[in-house]
Amino acid sequence: MDIHSEKILILDFGSQYTQLIARRLRELGVYCEIHPGPIPAAQIKAFQPRGIVLSGGPASVLAAGSPRPDPLVWEAGVPVLGICYGLQLLAHEQGGRVDNSAHREFGPATVDVRGGSPLFADLPRKLDVWMSHGDRVEAIPPGFEPIASTSNAPFAAVEHRGRRIWAVQFHPEVVHTPRGAELLRNFAMGICGCSGSWSMKGYVETAVEQIRAQVKDGHAICALSGGVDSAVAAVLVHRAIGDRLRCIFVDNGVLRAGEREQVEEVFGRMFHLPLVTVDARERFLGKLAGVTDPEKKRKIIGREFIAVFEEEVERLAGQGERAQFLVQGTLYPDVIESVSFKGPSATIKSHHNVGGLPEVMKLALVEPLRELFKDEVRRLGAELGLPRESIQRQPFPGPGLAIRVLGEVTEERLAVLRRADLVVQEEVRKAGLYEKLWQSFAVLLPVRSVGVMGDERTYESTCAIRAVESTDGMTGDWARLPYDLLARISSRIINEVRGINRVVYDVSSKPPATIEWE
C-alpha cells in the first residue's frame, strides 16, 4: 500500500504548536502535512486528505485581516478537527458567536466531558488539558452540540456528527494535555479511518523508488558533513542509485577530534559510499586569520566551503563524472518555515549550516528527507543500518569550532579546545546523558585568569561548558548536570589540557541566550 494514501491535512494559522500536531499524528503512524491555512480549495482537493485539522493561531477571528480557510473546508466531505483558533473560526463563520473574553485562559484546566462522542472515546469524564486563548465562543452554530466544557469555556469542545466536524478549545498536541495523543488517535484512526501504517520501513521503499524515478541514469553529488541529516540522505540515495552518487567531505580545519576519521570509516569503509575527502585546512585557517567577529567567521566559512565544493565538482567533471543532481538533507521543519503562515522574525545570526550552493551550478535538488522531522530521520537512519553513534549524534554547527573559539581562530587555540571538548564528550557519554541532551560542548573564551598549579602561578585561558536540553533547538533550557559530573569534567580539563586553568558552566537558556556562543 502507498504509505501516502492515508493523509491528514493540517492547515496552519500561525500557532507555535502546529508542528507538534504533525509530530503527534506521525507518532501514531499517520502521515500528515502542514500547509498554510488559507490555501485554495483546488489544493485541498488535490491533496485528497482523509481528514483536515485546523491549527490554533495568535490572531483573533474578530480582527480585520485575520486568516481564514477556504469555505470548502466546512463542506469538504471529510472529517474536520478545529483546535483553539480552529474552534473560533468554526463558530465565527458558521453562525455562532465569538467575543473577547474577560477571563483569558492560559495554562492547565480540567474539562468536563459529556459521554458518547467518538472524539472522547475511552477517555475519562474529567480530562486535564492545556488552554491558551483570549477570545471565547459564546454561542455555537446551529446543529452543533457541546461535548465538553470548563467553568470559563462552556463550549470547550463541540461536534456536528452529520457534517463530520469536531472542534476543541484546548491543545491536545502539547505534553501539558497528558491524554491528548489519545484524542488525536480517536480523530485520525477512529473518525478518519486511518490505519496507522506510516513507518520508516515503508518510507525507505517509497523514497528509493522516487529517487530512482527522479535521477534515472544521471549522477548526483552530496556534501557530506557527518551530521545526521546529510548522512541519512547520502545512504538513502546510495541505496537508490549506487555509485552514481559521489559524496564530498571537506576537512575545513575546524572539526572536532577524530571527526574526519569517523566519517571516512563509517561512510567510506563501512557503507562503501564513493567518498572524496578534500583537505582544505590550511585554506580555511588562512582565510580566518585575524578575524574575531562571529558573523565574519560564518560568512568566510560559508563562502570558502562553496568555493571548495565547486572546484571539486569541476575536477570530478573533468574526470567524466559530471553530476546533474545535488543531494541535500532538507528536513520538513525547513519546508514548513518557507510556506507556513508565520509572522516576520528578526535575523539573530546566520544559520549554523552552510547555505545553499549557487544557482550557477545548475544542479537539480534531490531532497529525500524533506517530508521528515528530526526524530523520524534518526529512525530512518536506524532502518538503513547506520551505527547508533551516527544517528544519535548531537547537532554540530556548520562553522564548527570556529564559533566555539571566541576571538581569533588559530591552530593552537583549536588544539586546546579539541582536547577540552573531547573530555566533555567522554564524560557525558560515561554518565549516560549524551542522547538525553540536545547539545553538550566546550567553548574556549578569550579570557585569561590567574591560577595555581603545582605551587606555581599560572595565567591561562578559561573554558566554558555548555549543555542544553531541547526538542528542536528553537528553544532550550540549560541542563542541570549532576555536580559530580561537572566536577569530573572540570578536574580532567584543568589537569589534562595545557592552556586552561579555569572551567565555568553556562546556566543561560534560549531565549534570551542562543545555544552557541557565537
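Everything numeric here is computed off the predicted structure, so don't read it as measured data.
Taking a cutoff of 4.0 Å between a charged side-chain nitrogen and a carboxylate oxygen, Asp375 and Arg26 do not qualify as a salt bridge. The existence of a salt bridge linking Glu427 and Arg488 is confirmed by a sub-4.0 Å separation between a basic side-chain nitrogen and an acidic carboxylate oxygen. We find that Glu33 and Lys7 are not joined by a salt bridge, their nearest charged nitrogen and carboxylate oxygen being 4.0 Å or further apart. The pair Asp229-Lys374 meets the salt-bridge criterion, with a side-chain N (NZ, NE, NH1 or NH2) lying under 4.0 Å from an Asp/Glu carboxylate O. Using a 4.0 Å cut-off between charged nitrogen and carboxylate oxygen, Glu383 and Arg379 do not count as a salt-bridge pair. With salt bridges taken as basic N to acidic carboxylate O contacts below 4.0 Å, one links Arg283 and Glu304. Remark: Lys126 engages Asp112 in a salt bridge, criterion side-chain N to carboxylate O under 4.0 Å. Classification of Glu205 and Lys201 as a salt-bridged pair fails, no side-chain N sitting under 4.0 Å from a carboxylate O.
Side-chain contact between Arg492 and Glu426 is present, with heavy atoms from C-beta onward closer than 4.5 Å. No side-chain heavy atom of Asp251 sits less than 4.5 Å from a side-chain heavy atom of Val278. A 4.5 Å side-chain heavy-atom check between Leu433 and Ser440 finds every atom pair outside the cut-off. A 4.5 Å side-chain heavy-atom check between Leu445 and Arg448 finds every atom pair outside the cut-off.
Relative orientation of the Trp198 and Tyr31 rings is tilted, given thresholds of 30° and 60° on the angle between their planes.
Under a cutoff of 6.0 Å and an axis angle of 45°, Arg260 and Phe249 do not form a cation-pi pair.
With Asn501 contributing its side chain and Ile494 its backbone, the two residues share no donor-acceptor pair below 3.5 Å. Looking only at distances, a side-chain donor or acceptor of Trp478 sits under 3.5 Å from a matching main-chain atom of Val507. Panel note: side chain Gln394, backbone Tyr434; a donor-acceptor pair is recorded below 3.5 Å. At distances below 3.5 Å, at least one donor-acceptor pair connects side-chain atoms of Asp421 with backbone N or O atoms of Ala442. Asp279 places a side-chain N or O within 3.5 Å of a backbone atom of Arg281 that can act as its donor or acceptor partner. Side chain of Arg370 to backbone of Gln328: no donor-acceptor contact under 3.5 angstrom is found. For Arg502 (side chain) and Val450 (main-chain N/O), a donor-acceptor pair under 3.5 Å exists by modelled atom type. Between the side chain of Ser508 and the main chain of Ala513, no donor-acceptor pair closer than 3.5 Å is present.
Between the OH atom in Tyr332 and the CD atom in Glu376 there is a gap of 10.0 Å [rounded to 0.5 Å]. To the nearest 0.5 Å, the span separating CG on Leu127 from CG on Leu183 amounts to 7.5 Å. Here the CD-CH2 distance, from Glu435 to Trp438, works out to 13.5 Å after rounding to the nearest 0.5 Å. From Glu469, atom CD reaches atom CG of Leu481 across 8.0 Å, with rounding to the nearest 0.5 Å. Here the CD-CG distance, from Glu27 to Leu20, works out to 9.0 Å after rounding to the nearest 0.5 Å. Tyr17 OH to Thr177 OG1: the interatomic distance, rounded to the nearest 0.5 Å, is 9.0 Å.
Surrounding CG of Asp484 are more than 12 heavy atoms belonging to other residues, nucleotides or ligands, all under 6.0 Å away. Atom CD of Glu496 has more than 12 neighbouring heavy atoms from other residues, nucleotides or ligands inside a 6.0 Å radius.
Side chains of Ser230 and Ser225: a donor-acceptor N/O pair is present below 3.5 angstrom, by distance only.
Looking at Lys510, Gln439, Arg466 one by one, the single match for side-chain hydrogen bond (donor to acceptor under 3.5 Å, both in side chains) with Glu516 turns out to be Gln439.
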